[in-house]
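Any value given below was found using the heavy atoms of this structure, including those in side chains, with hydrogens, waters and symmetry copies removed. Below, read A as the first sequence line, B as the second, and so on, with proteins coming before strands; counting in each chain starts at 1.
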Protein chains: 2
Amino acid sequence: MTTTPTPRPGGRSARIQAAVHQAVQELQQEQGRAGLTVPAIAKRAEVTPSTIYRRWGDLSQLLADVAIEQLQPEQPPADTGSLRSDLLTWLVEYFEEMSSAPGRAMLRDVLGTQDHACAGKCDGLLRQQIEVINERALARGEQPIDIGLVTQIVVAPLMYRILFANETPTTQAIEALLEPLVSSADG
Amino acid sequence: MTTTPTPRPGGRSARIQAAVHQAVQELQQEQGRAGLTVPAIAKRAEVTPSTIYRRWGDLSQLLADVAIEQLQPEQPPADTGSLRSDLLTWLVEYFEEMSSAPGRAMLRDVLGTQDHACAGKCDGLLRQQIEVINERALARGEQPIDIGLVTQIVVAPLMYRILFANETPTTQAIEALLEPLVSSADG
DNA sequence: ACCACTAAAGCAAATATTTTGCTTTAGTGG
DNA sequence: CCACTAAAGCAAAATATTTGCTTTAGTGGT
């Protein structure tokens, strides 16, 4: 039998990671990007800077890591009675978050890092959430929606506007993109 | 009468900027992102590091600036006889560039920087190119295409795949997205 | 419960980078 | 040709990053 599936999942690593992540979030809130330096984060987390450098490589990778954690949904999408409105409600909230200043900072961190897998996780989380909405729809007897189609038709254009046109999508804009996809059931 | 529309457009600024930009491109090619530090760039450009820090602020803003310059098309889109094929040809080339390693690095630089206007320029350049294709179509008597629709239906989904799914769009994928938009004239 | 093992953290010295105050250079308008 | 000034150079100071070595604290075996 092989051992240690993850090298050392023990309590210390986790504790340090939590302390560092929390320090990043606190400093980010208190002083924005300006106060975010590795030494400052290390000090707040009561950790040595070299710990951060050795574990995360550099500031941008640490920030990307924290950003991904923050993207992790705290609650599953709200159940509003139908797939159509679940999806709309969730998308509106998602893009509100993404186009806010902190959301944009998170996107910058995630897209600006070398870490290849990072942006992929972002897409993965989105799909997971839509999956939950789909499962609920299925349980209601509704037809689930093609997740790839949602990202292609709704998510991608909105993300493009946020990233490249510096726009903030309105609820109406989201609705307009979503409508053609859900024009089967509901009202 | 007011004077000096731009503060000091004179030869020195331009010379220094050109030297620094060139130094970035050379080092990037020779050693990838690893060899790209402000001191290294300064040395190659025969310039003082403080010049770079004072003009560009930091490395990421300099890289974003260079990336935007590299995005500047060297030639207008090829004239292939019809709007449909002009557009397809150009888009295939554009996304080939964007999904290559250097293209992805450029996107990271552009999207990862604080400089707000930077990603906007990227969108602006794209629109300009499609505009040229449109004008040529118009001259041929063809119906021009809605640029906003092209970015929404074709560009945004492809960009999303590059950025968030780490995919490399195939010609077929591009064609499939473009087809519904140009299904009026041509063949 | 103890012990040997080792991944990961701490520490501190060595490097590298960024910032800053002041000086010098070189376009610009008169 | 001269006075003016934006921008570059220089060098010292402040910060941040890397690195070799030491210490700490989970892990598995007994």
Exercise. With distance as the sole test, does A/R136 use its side chain to make a donor-acceptor pair with the main-chain N or O of A/E131 at under 3.5 Å?
Worked result: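 Side chain of A/R136 to backbone of A/E131, a donor-acceptor pair under 3.5 Å: no, none is there.
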Exercise. So, the side chain of B/T48 versus the backbone of B/T51: is there a donor-acceptor pair under 3.5 Å, distance only?
Worked result: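 A pair under 3.5 Å: no.
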Exercise. At under 4.0 Å between heavy atoms, what does A/R55 touch on the DNA or RNA strands: base, sugar-phosphate, or nothing?
Worked result: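 Sugar-phosphate, no base atom in range.
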For this session: Give the C-alpha distance, both sets of side-chain angles, the deciding distance and a yes or no for side chain to side chain donor-acceptor pair (under 3.5 Å) between A/Q25 and A/Q29.
Result: CA-CA 6 Å; A/Q25 289 181 244; A/Q29 257 209 324; over 6 Å; no
When the distance from [atom1] of [X] to [atom2] of [N] is rounded to whole Å, what number comes out?
X     : N      : atom1 : atom2 : value
B/I52 : D/dG9  : CD1   : P     : 9 Å
B/Q17 : C/dA26 : CD    : P     : 19 Å
A/R15 : D/dT24 : CZ    : C1'   : 11 Å
A/L59 : C/dA16 : CG    : C1'   : 17 Å
B/I16 : C/dA26 : CD1   : C1'   : 11 Å
B/W56 : D/dA8  : CH2   : P     : 8 Å
B/R54 : D/dT5  : CZ    : C1'   : 15 Å
B/D58 : D/dA16 : CG    : C1'   : 14 Å

State whether [X] and [Y] are salt-bridged, where the test is any N-O pair (Lys NZ or Arg NE/NH1/NH2 against Asp/Glu carboxylate O) under 4.0 Å.
X      : Y      : answer
A/D109 : A/R104 : no
B/R84  : B/E142 : no
B/R161 : A/D123 : no

Exercise. Does anything in residues 18-37 of chain B reach DNA chain C, meaning a heavy atom under 4.0 Å, and if so which residues?
Worked result: B/T37
Exercise. Between C/dC11, C/dA9, D/dC10, which nucleotide gets closest to the side-chain atoms of A/S50?
Worked result: C/dC11
For this session: Among the candidates C/dC11, D/dG9, D/dA7, find the nucleotide nearest to the side-chain atoms of B/R12.
Result: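 Per side-chain heavy atoms of B/R12, the pick is D/dA7.
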Problem set entry | Set of side chain to side chain contact (heavy atoms under 4.5 Å, CB included) partners for B/A18, sequence neighbours left out |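 Testing B/A18 for side chain to side chain contact (heavy atoms under 4.5 Å, CB included), a comparison that skips the adjacent residues, returns none.
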With both distances under 3.5 angstrom, what nucleotide forms a Watson-Crick or G-U wobble pair with [N]?
N      : answer
D/dT19 : C/dA12
C/dG30 : D/dC1
D/dT27 : C/dA4

So which protein N/O to nucleotides 1-3 of chain C N/O distances come out below 3.5 Å?
none

Problem set entry | Validation row: B/T80, B/W90 side chains within 4.5 angstrom (heavy atoms) |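 Answer no - side chains too far apart.
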Exercise. D/dA8 phosphate, OP1 or OP2: any side-chain N/O from B/T48 under 4.0 angstrom?
Worked result: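 Looking at the OP1 and OP2 atoms of D/dA8, neither is under 4.0 Å from any side-chain N or O of B/T48.
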Problem set entry | Inter-residue atom distance B/Q61.CD - B/Q114.CD, 0.5 Å rounding | 6.5 Å
For this session: Apply salt bridge (charged side-chain N to carboxylate O under 4.0 Å, His left out) to A/D65 and A/K121, showing your working.
Result: CA-CA 10 Å; A/D65 193 37; A/K121 287 180 201 163; 5.1 Å; no
